[in-house]
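Single-structure report; data block below.
The shown structure was predicted, so the numbers you read here are calculated from the model rather than taken from an experiment. For ligands, and for the atoms within them, numbers begin at 1 and follow the listed sequence.
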Amino acid sequence: MDEICEKCGLPKELCICETIAKEKEKIRVSAVRRRYGKFITIVEGIGKDVDNKKILKELKQRLACGGTLKGSVIELQGEHRSKVLDALKKLGFSEDQIEVA
Ligand SMILES: [Zn+2]
């Protein structure tokens with residue numbers, strides 16, 4: 001008999017617990033207009049297990065823009081929502097877990 005997952009009771013090969021846990025980490029990408037009409041792209045919800053500083057550095061490099069880390073929230077100068085989505089996918093995040101507002 002197959003091994004059974006203790007959480008969902010399904011055979012291990014059908015278990016989706018890990019996938020669900022991963023998908024719970026929803027990343028939200030939005031853009032807001034700040035003073036002087038300048039846009040800032042905000043990336044929220046990157047998990048604690050992920051190195052936000054490294055992500056920020058990668059995003060700044062790939063998008064060639066300035067940015068800061070405020071707590072766990074990444075703020076990038078300019079409107080880069082679609083580029084951020086591409087960059088996050090290249091950094092190993094799945095498109096399903098990224099919500100672009
Ligand atoms: Zn399971």
Side-chain angles (χ1 to χ4, degrees):
M1 219 180 126
D2 288 334
E3 246 187 295
I4 300 290
C5 170
E6 287 173 13
K7 270 190 195 170
C8 63
L10 289 169
K12 280 262 162 84
E13 57 175 25
L14 296 175
C15 168
I16 51 162
C17 292
E18 205 172 299
T19 313
I20 289 171
K22 223 178 177 185
E23 280 176 358
K24 271 183 189 164
E25 260 183 22
K26 282 279 179 193
I27 298 170
R28 190 178 151 87
V29 181
S30 56
V32 291
R33 194 194 285 261
R34 287 282 162 87
R35 58 198 161 157
Y36 313 124
K38 287 188 176 171
F39 277 98
I40 286 182
T41 304
I42 295 171
V43 184
E44 301 166 276
I46 293 179
K48 288 168 196 157
D49 300 337
V50 182
D51 188 346
N52 277 308
K53 278 185 187 166
K54 202 179 154 196
I55 301 285
L56 172 66
K57 200 181 157 194
E58 288 281 346
L59 289 176
K60 279 162 76 173
Q61 251 172 25
R62 285 169 191 264
L63 278 53
C65 68
T68 52
L69 192 60
K70 290 188 176 168
S72 61
V73 178
I74 292 171
E75 287 190 4
L76 298 162
Q77 282 160 25
E79 210 285 78
H80 304 292
R81 283 175 296 179
S82 58
K83 283 184 184 170
V84 166
L85 178 63
D86 282 345
L88 287 173
K89 282 195 280 182
K90 280 176 186 139
L91 289 170
F93 294 97
S94 117
E95 188 165 5
D96 296 342
Q97 70 187 125
I98 305 166
E99 182 193 319
V100 180

G66 versus K60, closest heavy-atom pair with distance: C-CG, 4.1 Å
N/O donor-acceptor pair under 3.5 Å between Q97 side chain and S94 backbone: yes
Shell of protein N/O/S atoms around the Zn ion (ligand 1), taken as anything under 2.8 Å: C5 SG, C8 SG, C15 SG, C17 SG
Nearest heavy atoms of I74 and N52, plus distance in Å: CD1-O, 3.9 Å
Worked check of salt bridge (charged side-chain N to carboxylate O under 4.0 Å, His left out) between R81 and E79: CA-CA 6 Å; R81 283 175 296 179; E79 210 285 78; 3.1 Å; yes
Quick one: side chains of residues 28-37, donor-acceptor pairs under 3.5 Å with protein atoms, not counting sequence neighbours, listed by atom name and distance.
from: R28; atom 1: NH1; to: E99; atom 2: OE2; distance (Å): 2.8

In one Ile/Leu/Val/Met/Phe/Trp/Tyr side-chain cluster, 4.5 Å: F93, L76: yes
